[in-house]
Number of protein chains: 2
Amino acid sequence: MERLLTIKDIAIELGISISTVSRALRGQPDVNAETRKAVVDLAEKLDYQPNKAALSLLNKHTNTIGVLVPNLDYFFATAIKGIDEAALEAGYTVMVCQSNESYGKELINTKRLLESRVDGFIISVSSDTKIVDHFKKIQDKGIPMVFFDRDVNELQAPKILLNNFEGGYIATKHLINKGYSKIAFLGGPERMSISNQRFEGYKSALKEAGIKFNVKFVEHGDFNQEYAYVNTNELLRAKQKPDAIFAMSDRLAIGAMQSIKKHGLRIPDDIGLIGFNNEPITNLLSPSISTIDQPAFEMGKTAARLFIEMMNNDSTASSDNIVLKPKLIVRESTMRK
Amino acid sequence: MERLLTIKDIAIELGISISTVSRALRGQPDVNAETRKAVVDLAEKLDYQPNKAALSLLNKHTNTIGVLVPNLDYFFATAIKGIDEAALEAGYTVMVCQSNESYGKELINTKRLLESRVDGFIISVSSDTKIVDHFKKIQDKGIPMVFFDRDVNELQAPKILLNNFEGGYIATKHLINKGYSKIAFLGGPERMSISNQRFEGYKSALKEAGIKFNVKFVEHGDFNQEYAYVNTNELLRAKQKPDAIFAMSDRLAIGAMQSIKKHGLRIPDDIGLIGFNNEPITNLLSPSISTIDQPAFEMGKTAARLFIEMMNNDSTASSDNIVLKPKLIVRESTMRK
DNA sequence: AACCTTTCCGGTAACGCTCCCGGTAATTTT
DNA sequence: AAAATTACCGGGAGCGTTACCGGAAAGGTT
């Protein structure tokens, strides 16, 4: 590694002291106008950049936010854009790590970010994560963190969440309004909070409509569309077939759609289908898939803003959750004539 | 910010010197087995983590790679996974910045990464970038960088590229083999290298088949599907209509598809369509879209490996490009009976 | 018993930067 | 003209860590 330019070099070049260069560069008083100009000009000319490591060592903070996400799919990519924007405004740099929905990878990533001495964390936990000691440990050290999208009950920390209950509710209610009554639920991993909250909303809508909840219409599985595909196959092979499917994510909805098509059933006439996330693809498929929109960009931006606010106020936990509203997007897959 | 644990704390706690703690922790000789155990145990118990800022200051490197990408779409998200994996193996941390295809944002990001004293860069330039002085400046400082996916002729640096010429060639040839002859090309921004290389491959395939190249069948525009949509509208409204479209990206192919459908034309019977990238969505659309696959993950991984190799050999530029092969993926959109 | 190796440990400088203090020369106040 | 203030600058310490050197105590060699 080359030796990069330091204020010492500038000091020597100009025949003045390091302290003076430092003061001049930071616009402090106690420095002569001419001297200041000479320093600033030279720094400009030589493209001087302060060494962040030295600053970090001194100030005990890095101006860096560690962002931990399960993956970089449409939702998280959009959320990260939001985080990025807010962080940049406030002079923070962002370090993104993806866990690939794996607890082990999440552990490694938190450790690395901690070693990098990030000032704090913005986290969406992996679906695989059951123990959250690694996050508690961070909290114990007094390092601020905010969670988004995926809830962690065990942790007392600010959270930016979607009202998933409401999302599940309006999705299911929409299906009911369209005349569907045998509505199946395609869920994510069993323990996953967002899946379960949407599930509760689903049950609530059923109950409200006087439709008896049927356990046989509920499937759980992994996050990818292959699982959704086989789970839907099972649903459609059963004696009691559903006439609509509410999938807790668009990925799963797509898997379900493939299965439905394979069974020679028509959407939305034979089977209604609604997803969750409003990924752009749902609008391009044929039929286009109804879904629940969640404000990913806003979520990321809010999370980052909240984080920055915490940093400024030096308060480790404001602990009041921010809950955003889901929005129903009606497309062809639920438009039964 | 709380004061975090340092080796000094451990030294005091154990009543030994800082040097000894340091040596014990790094597994160096010259330290008694018992002392070592005591140190390691206490460090473990207190969850000690070395301060990277101090290390960086001392070693003059940060073990961090700055990754600069235009966006986080499927291709780049996959490539980043590859980079991540290789980086992690070698003990590097990755800092990702997206330019949103904007030159200005790219400038800001390079500056920030430079300030963060990343050890080097892995870059895919924004389509908006016409001047590359900011990269030249980095090179002048002796900071290693490798480019991937998008070529920059003006820069002498290692590059991981796809054989875009070949990609354009096999895509077009496939259309020709399927009996299409009036083949239009839907390109990206005018100056963009990957678009132009694919375009050259397209022309080469036409020439080889004895088909006269027709300028009216060529459209350029921005990267998003709206542009592709209006451009295709134009193609289809013209007197001379194409009977197939080769879009230089899947996004553009999707825009074209929407336009084709709106015109009441059938794919692949009236018009053949092939894209580029092999985004998963192309396989889910109806009809599914033929495309050219490029090994995104491998590309990222290779880029990172090359970078790390450069770091180890302390060679700033190995300068020989690595060119990966595209692969034809045949789907419904070109399967004319 | 006098020397030479080991073994183990502590002290110091350095990385690049900022903060704090002290000092000189110039300027103002009495 | 002496004293007090101001303007400007330099020196040193310290942030957490490692590399290097020197030294004391223990053991090994004649």
Side-chain angles (χ1 to χ4, degrees), chain A residues 1-40 42-43 46-64 91 114-119 141 143, chain B residues 1-40 42-43 46-64 91 114-119 141 143:
Chain A
M1 191 63 173
E2 306 285 319
R3 244 198 92 251
L4 288 176
L5 188 75
T6 73
I7 48 170
K8 192 175 173 186
D9 299 320
I10 298 184
I12 293 175
E13 176 83 18
L14 257 41
I16 57 178
S17 82
I18 296 178
S19 320
T20 307
V21 177
S22 170
R23 255 168 297 162
L25 249 26
R26 268 170 314 116
Q28 287 194 344
D30 270 31
V31 42
N32 183 285
E34 285 177 44
T35 329
R36 161 164 293 133
K37 185 164 170 8
V39 171
V40 172
L42 188 60
L46 300 180
D47 192 29
Y48 166 76
Q49 256 138 359
N51 187 324
K52 265 207 172 181
L55 271 304
S56 301
L57 199 53
L58 215 48
N59 303 330
K60 274 128 168 36
H61 60 82
T62 53
N63 272 319
T64 306
L114 219 45
E115 278 175 5
S116 293
R117 289 290 198 271
V118 293
D119 292 339
K141 294 190 199 227
I143 299 174
Chain B
M1 193 65 172
E2 307 284 318
R3 247 200 88 252
L4 288 176
L5 189 75
T6 73
I7 49 170
K8 192 175 173 188
D9 299 320
I10 298 184
I12 293 174
E13 177 82 19
L14 258 40
I16 57 179
S17 83
I18 296 178
S19 321
T20 307
V21 176
S22 172
R23 254 168 299 160
L25 248 26
R26 268 171 310 113
Q28 288 194 343
D30 271 31
V31 40
N32 182 286
E34 282 177 46
T35 329
R36 160 165 292 133
K37 186 167 171 3
V39 171
V40 172
L42 188 59
L46 299 179
D47 194 28
Y48 166 77
Q49 257 137 358
N51 187 325
K52 265 207 174 183
L55 270 301
S56 301
L57 198 54
L58 212 50
N59 303 330
K60 276 130 168 35
H61 60 83
T62 52
N63 272 320
T64 306
L114 219 44
E115 276 174 5
S116 293
R117 289 289 199 272
V118 293
D119 292 339
K141 293 188 199 231
I143 299 174

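Numbered from 1 within each chain, the chains take letters A, B, ... in sequence-line order. It should be emphasised that the depicted structure is a prediction, and the values quoted were computed from it without experimental measurement.
- Shown here for B/L4 and B/D9, the closest heavy-atom pair between the two residues is O-OD2, 4.0 Å.
- At least one side-chain nitrogen or oxygen of A/S17 sits closer than 4.0 Å to the OP1 or OP2 atom of D/dG10.
- Whole-Å rounding puts the B/L14 CG to C/dG10 P distance at 10 Å.
- In this structure, CD of A/Q49 is placed 11 Å from P of C/dC17, rounded to the nearest angstrom.
- Between the B/T6 side chain and the B/K8 main chain, a donor and an acceptor come within less than 3.5 Å of each other.
- Nearest heavy-atom pair, B/D47 versus B/L5, reported as atom, atom and distance to 0.1 Å: C-CD2, 4.4 Å.
- Whole-Å rounding puts the B/L5 CG to D/dG16 P distance at 10 Å.
- The listed nucleotides are C/dC17, D/dT17, C/dC15; the one nearest the side chain of A/I7 is C/dC17.
- The minimum heavy-atom distance linking B/R23 with B/Q28 is given by the pair CG-OE1, 2.8 Å.
- Close to D/dG16, at under 4.0 Å from its OP1 or OP2, lies no side-chain N or O of B/Y48.
- Going from atom CD1 of A/I12 over to atom P of C/dG16 covers 11 Å, rounded to whole Å.
- Comparing C/dG16, D/dG11, D/dT17 by their nearest atom to the side chain of A/S19 picks out D/dG11.
- Here D/dC20 presents its P atom at 18 Å from CD1 of B/I18, a figure rounded to the nearest Å.
- For the OP1/OP2 pair of C/dC17 and a distance below 4.0 Å, the side-chain nitrogens and oxygens of A/K52 include no atom meeting the criterion.
- Nearest to the side chain of B/A54, among C/dG16, D/dT17, C/dG10, sits D/dT17.
- Rounded to whole Å, the distance from NE2 on B/H61 to C1' on C/dC15 is 12 Å.
- Using a distance-only test at 3.5 Å, with no hydrogens or angles considered, no donor-acceptor pair links the side chain of A/S22 to the main chain of A/I18.
- The backbone N or O of A/H61 sits nowhere less than 3.5 Å from a side-chain atom of A/N59 that would complete a donor-acceptor pair.
- Listed in residue order, the members of residues 20-40 of chain B having a heavy atom less than 4.0 Å from DNA chain D are B/S22, B/R26, B/Q28.
- Residue A/K8 contributes atom NZ, which lies 14 Å from atom C1' of D/dG11 at whole-angstrom precision.
- When the P atom of D/dG16 is taken as reference, atom CG of A/L58 falls 10 Å away, rounded to whole Å.
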